[in-house]
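Side-chain atoms are counted along with the backbone in the values below, which use heavy atoms only and exclude waters and symmetry mates. Chain letters run A, B, ... following the sequence lines, proteins first, then strands; residues in each count from 1.
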Amino acid sequence: MAHTYIKELEKHDGHEVVLKGWLAQKRDSKAIVFLVLRDGTGFVQCIVDINTVGEEVFEMAKKLTQESSFTVTGTVRKDDKQFGGYEIQVTALTIYSLAVDYPITPKEHGTGFLMDNRHLWLRSKRQWAIMRVRNTIIYSIHKFFQERGFMQMDAPIFTGNASEGTTTLFETDFYGQPAYLSQSGQLYGEAMAFAQGLIYTFGPTFRAEQSKTRRHLSEFWMIEPEMAFYDLAMDMDLIEQFVQHVVGEVLDSCKIELKVLERDTKFLDRVKEPFIRMKYEVAVDHIQGLKAVDGKTSIQMLEDDLKNIQDEISSKQKDIEEREVKMASGALTKGEKNFNQNKIDQLKNDIKDLEEKATNIPQWLNSAKNFKRGEDFGGSDETVLTRMFGQPIMVYNWPREVKAFYMKEDETDLGYAKGVDLLAPEGYGEVVGGGERETDINKLIGKIEEHKLPMDVFEWYLDLRRYGNIPHSGFGLGLERLVAWICGLQHIRETIPFPRAFGGRLMP
RNA sequence: GGGAAAAUAACUCAGUGGAAGAGUGUCUGCCUGUUAAGCAGAAUGCCGGAUGUUCGAUCCAUCCUUUUCCCGCCA
């Protein structure tokens, strides 16, 4: 008999099915055992009742340990209290393999330990949900582009030129000559767009930046569409539709996953509204506190934030004190004590996070007040700006100096490059960077010289301007940053199955 | 590249210059429906490594190793 997947249980309501998977959780008593089975497509509770299955099967069920693999046969029953809406009344059970001393218990663990066990950690419910969302995002990206006539074309991973300086490139040996792992497929994307019109690349990207933060990986996946005959305005329209499509798909088809992640979708729901578009200079006004939104400048907003955080800290401290008094009274059962202790620990952690935020805000205030017009935004500037609006913001027309050499200069706004950054709300910052490409070959050559880049490795790129030059645009999106934002994750390492980051591990 | 903190049981952590602690998990028994809240009992440690101070160091000092967090750079 072919087995059924948990995701499809609703089609089998009231019928007998065979499920195969692993034990995520167990509770047992004298005559009944609750097994939570996971099979990759979901989680379902299986009830093993001694009166239904007999003593032999019952004993087997009792013997199962966390992450043991097994098969159950049983009847599907609707139960709205259940996580997926269904449960299984077991009639038979066979064991594939008993797991002994599975290291990841249902309780608290530190990140170091979890990262050491990343190969097992992926089985946990939260990680399961993140990977499902990641997959939905990937699928919806392909769907979005394919439905609009874009071709997926792949840029090479080995590249010969150290165009942007070797410090951020991984060097390897390519049959005796130095080669670098790709940092971006952008220039190749342009060549491919001239061949196929609308293209996108979707591949791994490598950056040897020595930055160890919650937003950086050394190896990550990037999507880079490139469109012939698109100007900056069309590029921004596409970015907006694209992000709306992806977020919409996740909201529609990952309800269970977002629930597991306890994701508050308040800000994601607002993504369907038109994005805010503003020129760099206007964004700077907002950051510096020269312009108010809803009657508040950035400075006032940060000051209010700080006050709110301090209030929250003191209310949590009060909560802790009350619980400590209750525990000291001695009138609690052991279970209630545990419950309160856990709550207190959680509150203490929350306070630690809040205190960190509270120390950050004065620094943000400082950096907002002292922001130098003409410079690129720092992480805090992005956060400040997006907090004012609470929805995605596209900042365009950047000072030419802070953007890459291939960005087109705006003829009506000299000194500014037609580049655009999409800033995600909730402090997630830049998730998309793009723009219209420079078409003037002399300006390009000038920029390459100005950046002191070797001309010879760009000859093929300049050919694109020599033969059938056209206006064209594109953008790049870091998949993991998008996953982190949509899932509401604290750290980018959870967005990819096996993260590779500076100072991090190569194993597992 | 700059800064901060940490290393004690399988896990999360407390603790003390003079015989190593809690909670969780695990194991054993009891409880017929639980979803991190039932009850009782048990096992578990070279207190990260090296050197020094000391009668005595898990605790103090120095160095090393490893990890976590923050800033800069970026997607």
Side-chain angles (χ1 to χ4, degrees), chain A residues 24-36 43 45 47-52 58 65-66 79 81-83 87 89 100-117 164-165 167-168 183-184 186 205-224 332-346 348-349 352-353 356-357 359-360 363-364 367 376-380 382 402 404 421-424 428-434 475-485 490-493 495 502-505:
Chain A
Q25 228 176 86
K26 185 177 78 172
R27 296 226 132 212
D28 58 356
S29 64
K30 195 172 187 180
I32 191 162
V33 179
F34 302 95
L35 305 170
V36 177
F43 294 76
Q45 173 167 275
I47 290 104
V48 187
D49 187 331
I50 194 165
N51 298 317
T52 319
F58 187 77
T65 51
Q66 199 189 348
D79 180 358
K81 273 188 305 195
Q82 294 305 321
F83 172 72
E87 64 176 21
Q89 187 72 43
V100 181
D101 294 334
Y102 184 71
I104 301 178
T105 60
K107 295 288 174 182
E108 52 196 325
H109 295 291
T111 41
F113 176 77
L114 289 170
M115 285 308 302
D116 285 343
N117 289 287
E164 288 173 48
T167 52
T168 61
Q183 255 192 341
S184 160
Q186 136 102 58
T205 301
F206 306 90
R207 302 225 175 142
E209 289 159 359
Q210 306 207 329
S211 38
K212 200 180 174 184
T213 76
R214 61 174 67 171
R215 301 172 49 195
H216 286 85
L217 290 169
S218 309
E219 177 184 302
F220 63 98
W221 289 73
M222 195 149 69
I223 297 94
E224 294 178 287
L332 302 182
T333 64
K334 199 175 156 198
E336 283 168 326
K337 260 194 209 160
N338 286 346
F339 180 73
N340 275 296
Q341 190 56 54
N342 285 338
K343 268 276 187 263
I344 288 173
D345 291 346
Q346 202 186 325
K348 279 184 180 166
N349 271 331
K352 234 193 237 165
D353 289 349
E356 198 189 300
K357 265 195 204 163
T359 58
N360 279 338
Q363 289 169 21
W364 291 356
S367 107
D376 206 350
F377 294 167
S380 71
E382 292 174 353
V402 304
D421 281 1
L422 175 72
L423 306 179
Y428 284 94
E430 187 180 347
V431 289
V432 172
F475 63 88
L477 167 101
L479 176 65
E480 285 74 17
R481 286 206 180 158
L482 187 61
V483 175
W485 168 40
Q490 188 72 31
H491 202 295
I492 200 161
R493 70 183 145 220
T495 62
F502 172 66
R505 53 201 91 213

Query raised in the report: Considering residues at least two apart in sequence or located in another chain, which fulfil the ring-ring contact (aromatic ring centres under 6.0 Å, His included) criterion with Phe43(A)?
Result: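 Listed in chain order: Trp128(A).
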Report task. Only counting residues at least two apart or in another chain, list the ones meeting ring-ring contact (aromatic ring centres under 6.0 Å, His included) with Phe475(A). Result ->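 With neighbours one apart ignored, the set is Phe242(A).
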Query raised in the report: So, Phe220(A) and A75(B): ring centres less than 5.5 Å apart, planes less than 30° off, yes or no?
Result: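 Phe220(A) ring centre within cut-off of A75(B) base, planes near parallel; stacks.
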Does [X] get its side chain close enough to the base of [N], under 3.5 Å, for a donor-acceptor pair?
{"X": "Arg215(A)", "N": "C73(B)", "answer": "no"}
{"X": "Glu87(A)", "N": "G33(B)", "answer": "yes"}
{"X": "Gln45(A)", "N": "U34(B)", "answer": "yes"}
{"X": "His109(A)", "N": "C11(B)", "answer": "no"}

Protein-nucleotide distance ([X], atom [atom1]; [N], atom [atom2]), rounded to Å:
{"X": "Asp421(A)", "N": "C74(B)", "atom1": "CG", "atom2": "P", "value": "10 Å"}
{"X": "Gln186(A)", "N": "C74(B)", "atom1": "CD", "atom2": "C1'", "value": "15 Å"}
{"X": "Ile50(A)", "N": "G33(B)", "atom1": "CD1", "atom2": "P", "value": "14 Å"}
{"X": "Asn360(A)", "N": "C69(B)", "atom1": "CG", "atom2": "P", "value": "14 Å"}
{"X": "Gln25(A)", "N": "G25(B)", "atom1": "CD", "atom2": "C1'", "value": "13 Å"}
{"X": "Lys26(A)", "N": "A36(B)", "atom1": "NZ", "atom2": "P", "value": "17 Å"}
{"X": "Phe58(A)", "N": "G33(B)", "atom1": "CZ", "atom2": "C1'", "value": "12 Å"}
{"X": "Glu219(A)", "N": "C74(B)", "atom1": "CD", "atom2": "C1'", "value": "17 Å"}

For [X], enumerate each residue passing the side-chain contact (heavy atoms from CB on, under 4.5 Å) test, keeping only those at least two apart in sequence or located in another chain.
{"X": "Asp116(A)", "result": "Arg505(A)"}
{"X": "Gln45(A)", "result": "Phe34(A), Ile47(A), Gln82(A), Glu87(A)"}
{"X": "Leu114(A)", "result": "Ile104(A), His109(A), Trp121(A)"}

Requested in this report: Taking all non-hydrogen atoms of both residues into account, name the closest pair between Gln66(A) and Ala24(A) and its distance.
Outcome: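 Gln66(A) and Ala24(A) have their closest heavy atoms at CG-O, 3.9 Å.
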What integer number of Å spans the [atom1] atoms of [N] and [M]?
{"N": "A36(B)", "M": "U24(B)", "atom1": "P", "result": "16 Å"}
{"N": "U28(B)", "M": "A19(B)", "atom1": "P", "result": "36 Å"}
{"N": "G45(B)", "M": "C30(B)", "atom1": "P", "result": "29 Å"}
{"N": "A50(B)", "M": "U65(B)", "atom1": "P", "result": "15 Å"}
{"N": "G21(B)", "M": "C71(B)", "atom1": "C1'", "result": "38 Å"}
{"N": "A9(B)", "M": "U58(B)", "atom1": "C1'", "result": "14 Å"}
{"N": "A6(B)", "M": "A14(B)", "atom1": "P", "result": "10 Å"}
{"N": "G17(B)", "M": "C11(B)", "atom1": "C1'", "result": "29 Å"}

Proximity to the side chain of [X] - top-ranked nucleotide from [options]:
{"X": "Thr213(A)", "options": "C73(B), A75(B), U34(B)", "value": "C73(B)"}
{"X": "Glu430(A)", "options": "C74(B), G72(B), A75(B)", "value": "A75(B)"}
{"X": "Arg27(A)", "options": "A37(B), C73(B), G33(B)", "value": "A37(B)"}
{"X": "Ile492(A)", "options": "U34(B), A75(B), C71(B)", "value": "A75(B)"}

Query - Watson-Crick or G-U pairs under 3.5 Å in RNA chain B, rendered as dot-bracket with [ ] for crossing pairs and | for another strand - result: (((((((..((((....[..)))).(((((.......))))).....(((((..]....))))))))))))....
Query raised in the report: Which comes earlier along RNA chain B counting from the 5' end, the contact point of Ile47(A) or that of Val402(A), where each point is its nearest nucleotide?
Result: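 Per heavy-atom nearest nucleotide, the more 5' residue is Ile47(A).
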Query - Of Gly379(A) and Ser218(A), the one whose closest RNA chain B nucleotide lies more 5' - result: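 In this pair, the answer is Gly379(A).
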Query raised in the report: Are any side-chain N or O atoms of Ser218(A) and backbone N or O atoms of Phe502(A), one a donor and one an acceptor, separated by less than 3.5 Å?
Result: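 Here the side-chain-to-backbone pair exists.
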Report task. Taking Arg207(A) for its side chain and Gln183(A) for its backbone only, find out whether a donor-acceptor pair lies under 3.5 Å. Result ->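 Side chain of Arg207(A) to backbone of Gln183(A), a donor-acceptor pair under 3.5 Å: yes, one is there.
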Please identify each residue that fulfils salt bridge (Lys or Arg N to Asp or Glu O under 4.0 Å) with [X], with sequence neighbours left out.
{"X": "Glu480(A)", "result": "Arg134(A)"}
{"X": "Glu430(A)", "result": "none"}
{"X": "Arg493(A)", "result": "none"}

Does [X] reach a base, just sugar-phosphate, or nothing at all? Heavy atoms under 4.0 Å.
{"X": "Val36(A)", "result": "nothing"}
{"X": "Glu480(A)", "result": "nothing"}
{"X": "Leu217(A)", "result": "base"}

**Report entry** Ion pair check, Arg481(A) and Glu382(A), cut-off under 4.0 Å
**Finding:**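 A salt bridge is absent here (no side-chain N lies under 4.0 Å from a carboxylate O).
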Between protein and nucleic acid, restricted to nucleotides 26-32 of chain B and to nitrogen or oxygen atoms under 3.5 Å apart, what atom pairs and distances do you find?
{"residue": "C31(B)", "atom": "OP1", "partner": "Lys30(A)", "partner atom": "NZ", "Å": "3.2"}
{"residue": "C31(B)", "atom": "OP2", "partner": "Lys30(A)", "partner atom": "NZ", "Å": "3.4"}

Just the atom pairs and distances: protein N or O near nucleotides 7-10 of chain B's N or O, under 3.5 Å.
none

Report task. Compare all side-chain heavy atoms of Asp49(A) with those of Gln89(A) and state whether any distance is below 4.5 angstrom. Result ->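 The answer is yes, as the side chains (C-beta and beyond) meet within the 4.5 Å cut-off.
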Query raised in the report: Side-chain contact, heavy-atom cut-off 4.5 Å: Ile223(A) with Leu479(A)?
Result: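 SC-SC contact between Ile223(A) and Leu479(A) confirmed.
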**Report entry** Qualifying residue for side chain to side chain contact (heavy atoms under 4.5 Å, CB included) with Lys26(A), from Thr65(A), Val33(A), Val48(A)
**Finding:**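 Output: one option passes, namely Val33(A).
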Requested in this report: Answer with yes or no whether the side chains of Ser184(A) and Glu224(A) bring together a donor and an acceptor at under 3.5 Å.
Outcome: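 Yes, side-chain donor-acceptor contact under 3.5 Å.
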**Report entry** Ser380(A) and Gln363(A) side chains, donor-acceptor separation under 3.5 Å
**Finding:**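 Gln363(A) vs Ser380(A): no donor-acceptor pair found between side chains.
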Protein N or O to nucleotides 64-68 of chain B N or O, pairs below 3.5 Å:
{"residue": "U68(B)", "atom": "OP1", "partner": "Arg505(A)", "partner atom": "NH2", "Å": "3.2"}
{"residue": "U68(B)", "atom": "OP2", "partner": "Lys212(A)", "partner atom": "NZ", "Å": "3.1"}

